[in-house]
Structures are given as C-alpha cells and as structure tokens.
Enquirer: 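Got a structure for you, written out below as structure tokens; questions coming shortly.
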Amino acid sequence: EVQLVESGGGMVQPGGSLRLSCAASGFAFSSNAMGWFRQAPGKEREFVAGISWSGGGTYYTDSVKGRFTISRDNAENTVYLQMNSLKPDDTAVYYCNAVTSYRSRTNYWNWGRGTQVTVSS
C-alpha cells in the first residue's frame, strides 16, 4: 500500500521559514521523481517543486523560485521542502507525490492528508 505522510507545517509570520517532510512507502521511492504541491482555500491544487530520482534535477514554479528548496534522501525514502521568506500567499495545504518527471504535474498516487502551512502576522 502506498503511503505519503507529510509533516512539518505550522503557522509562521511573513518572512519566516518552515521545513516540510514527506515520508513515502509502498513504492520504489528512489526510482521516482517526486513533487510538492499545494492547495489554497478555494483554489485548485498547484505544482510547487519537483526533484529527479537522483536529486540532480530540480524544478520550481516561478512564485517560489529563490525561496523554496526541494531535496530528498533516498536512504530514508523522504523528500523535503525548505521554505524561506514565506509570504501570506504561501498559505495552503502542502502535499507530496511521485510524478512522471521532475518537471511534470502528473502525479502517480492518491493524495495523502497534507500538512497545513499558514503564513500570517
């Protein structure tokens, strides 16, 4: 059974930082590109960042470039999202999933529960 368990969210002030983690199991994690997505209230889920199976390739949507960093630990089956200089527009539930390529928005598995990120003063 595939499991994607996101954690690390919380409430922070604008300009703050958070590090999200996603623990994956039930599939060949180290052979798959992974992505982070987010869904804000009333909006569709959007692709935020992707990373190749090796970690050598990364992709970011324009709104987070220079602020977010995606990374992975294949030994721990975990993908991370370091988020710096957070803005209120970053408020959303964040999800991870395997993707067809690190630039692709096409996910493989059903979604986990996600982790809530709230940026507010």
Side-chain angles (χ1 to χ4, degrees):
E1 178 189 5
V2 171
Q3 286 194 319
L4 298 164
V5 180
E6 301 90 351
S7 62
M11 178 176 288
V12 294
Q13 293 186 341
S17 298
L18 284 172
R19 189 192 194 205
L20 306 185
S21 299
C22 169
S25 61
F27 66 100
F29 177 84
S30 61
S31 299
N32 280 270
M34 294 294 295
W36 280 97
F37 299 74
R38 67 186 179 186
Q39 187 167 20
K43 295 186 177 180
E44 293 191 353
R45 197 174 344 237
E46 67 168 340
F47 183 56
V48 174
I51 187 166
S52 63
W53 66 268
S54 67
T58 57
Y59 168 86
Y60 301 93
T61 194
D62 285 347
S63 61
V64 308
K65 281 181 183 175
R67 302 188 297 122
F68 290 12
T69 303
I70 188 171
S71 61
R72 67 189 297 160
D73 184 338
N74 285 345
E76 296 293 331
N77 284 9
T78 302
V79 61
Y80 303 97
L81 188 67
Q82 177 67 44
M83 307 187 296
N84 298 329
S85 302
L86 282 161
K87 304 175 180 180
D89 283 351
D90 296 318
T91 295
V93 179
Y94 284 71
Y95 303 87
C96 70
N97 212 312
V99 289
T100 54
S101 81
Y102 71 94
R103 292 177 177 270
S104 170
R105 292 155 176 77
T106 305
N107 59 289
Y108 275 116
W109 312 115
N110 290 335
W111 299 101
R113 293 188 174 184
T115 187
Q116 175 71 49
V117 171
T118 303
V119 185
S120 174
S121 55

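Numbers here simply count residues along the sequence, with the first being 1. Both backbone and side-chain heavy atoms feed into the values below; hydrogens, waters and symmetry mates do not.
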Enquirer: When rounded to the nearest 0.5 angstrom, what is the spacing between CD in Glu6 and CZ in Arg113?
Expert: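 It comes to 10.5 Å.
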Enquirer: How long is the span from the CD atom in Gln39 to the CD atom in Glu44, to the nearest 0.5 Å?
Expert: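 So the gap between those two atoms works out to 8.0 Å.
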Enquirer: Between Arg72 and Phe29, is NZ or CZ placed under 6.0 angstrom from the six-membered ring centre and within 45° of the ring axis?
Expert: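 Cation-pi check for Arg72 and Phe29: passes.
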Enquirer: Trp36 and Val117: same hydrophobic cluster, using ILVMFWY side-chain contacts below 4.5 Å?
Expert: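 Linked within one cluster.
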Enquirer: When rounded to the nearest 0.5 angstrom, what distance separates OG in Ser7 from CZ in Arg19?
Expert: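 One gets 10.0 Å once the value is rounded to the nearest 0.5 Å.
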Enquirer: Same cluster or not: Val99 versus Val48, using hydrophobic residues (I, L, V, M, F, W, Y) connected whenever any side-chain heavy atoms lie under 4.5 Å apart?
Expert: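 In one cluster with Val99: Val48, no.
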Enquirer: List the atom of Val79, the atom of Ser71, and the distance in Å for their closest heavy-atom pair.
Expert: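 Val79 and Ser71 have their closest heavy atoms at CG2-O, 3.2 Å.
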Enquirer: Is the backbone of Val119 close enough, under 3.5 Å, to the side chain of Thr91 for a donor and an acceptor to pair up by distance?
Expert: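 Such a contact is found between Thr91 side chain and Val119 backbone.
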Enquirer: Does some side-chain heavy atom of Asn107 sit less than 4.5 Å from a side-chain heavy atom of Arg45?
Expert: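 With C-beta onward as the side chain, the pair stays apart.
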Enquirer: Any idea which heavy atoms bring Ala92 and Gln116 closest together, and the distance?
Expert: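 Looking at all heavy atoms of both residues, the closest pair is O-NE2, 3.5 Å.
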Enquirer: Let me confirm one number: the CZ-OG distance from Phe47 to Ser104, rounded to the nearest 0.5 Å.
Expert: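 Between atom CZ of Phe47 and atom OG of Ser104 there are 7.0 Å.
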Enquirer: Is it true that Ile51 and Phe68 fall in one hydrophobic cluster, defined by side-chain heavy atoms closer than 4.5 Å?
Expert: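 Yes; tracing contacts between hydrophobic side chains, which count when under 4.5 Å, links both residues.
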Enquirer: Under the 3.5 angstrom rule, does the side chain of Tyr60 hit a backbone N or O of Ile70 as a donor-acceptor pair?
Expert: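 Yes, because the side chain of Tyr60 sits within donor-acceptor range (under 3.5 Å) of the backbone of Ile70.
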Enquirer: Within the side chain of Asn74, is there an N or O that forms a donor-acceptor pair under 3.5 Å with the backbone of Trp53?
Expert: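 Yes.
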Enquirer: My understanding is that only one of Trp111, Tyr94, Tyr95 makes a ring-ring contact (aromatic ring centres under 6.0 Å, His included) with Phe37; could you say which?
Expert: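 Answer to the ring-ring contact (aromatic ring centres under 6.0 Å, His included) test with Phe37 among Trp111, Tyr94, Tyr95: Trp111.
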Enquirer: How about Met83 and Arg67: do any of their side-chain heavy atoms sit closer than 4.5 Å?
Expert: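 Side-chain contact under 4.5 Å: no.
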Enquirer: Taking Leu81 as the starting point, is it possible to reach Val12 by hopping between hydrophobic residues whose side chains are less than 4.5 Å apart?
Expert: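 Yes, Val12 and Leu81 fall within the same hydrophobic cluster.
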Enquirer: Considering non-hydrogen atoms only, spot the tightest contact between Leu18 and Gly8 and give its length.
Expert: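 In terms of heavy atoms, the two residues are closest at CD2-O, 3.8 Å.
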Enquirer: Could you please spell out the steps behind the ring-ring contact (aromatic ring centres under 6.0 Å, His included) verdict for Tyr108 and Phe27?
Expert: CA-CA 10 Å; Tyr108 275 116; Phe27 66 100; 8.2 Å; no
Enquirer: Distance check, rounded to the nearest 0.5 Å: Tyr59 atom OH versus Lys65 atom NZ?
Expert: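 If we round to the nearest 0.5 Å, Tyr59:OH and Lys65:NZ are 6.5 Å apart.
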Enquirer: Which heavy atom of Val93 sits nearest a heavy atom of Gly114, and at what distance?
Expert: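 Between these two residues, the closest heavy atoms are CG1-CA, 3.8 Å.
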Enquirer: Do Leu20 and Trp109 share a hydrophobic cluster, counting only Ile, Leu, Val, Met, Phe, Trp and Tyr and linking them when any side-chain heavy atoms are less than 4.5 Å apart?
Expert: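 Yes: a chain of side-chain contacts under 4.5 Å links Leu20 to Trp109.
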Enquirer: State, yes or no, whether a side-chain contact exists between Tyr80 and Asp73 at a heavy-atom distance under 4.5 Å.
Expert: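 Tyr80 reaches Asp73 side chain to side chain.
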Enquirer: Could you tell me which non-hydrogen atom of Ser121 sits nearest to which non-hydrogen atom of Pro14, and how far apart they are?
Expert: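 Minimum heavy-atom contact is N-CD, 3.7 Å.
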Enquirer: Drop me the distance from Arg105's CZ to Thr100's OG1, to the nearest 0.5 angstrom.
Expert: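 It comes to 10.5 Å.
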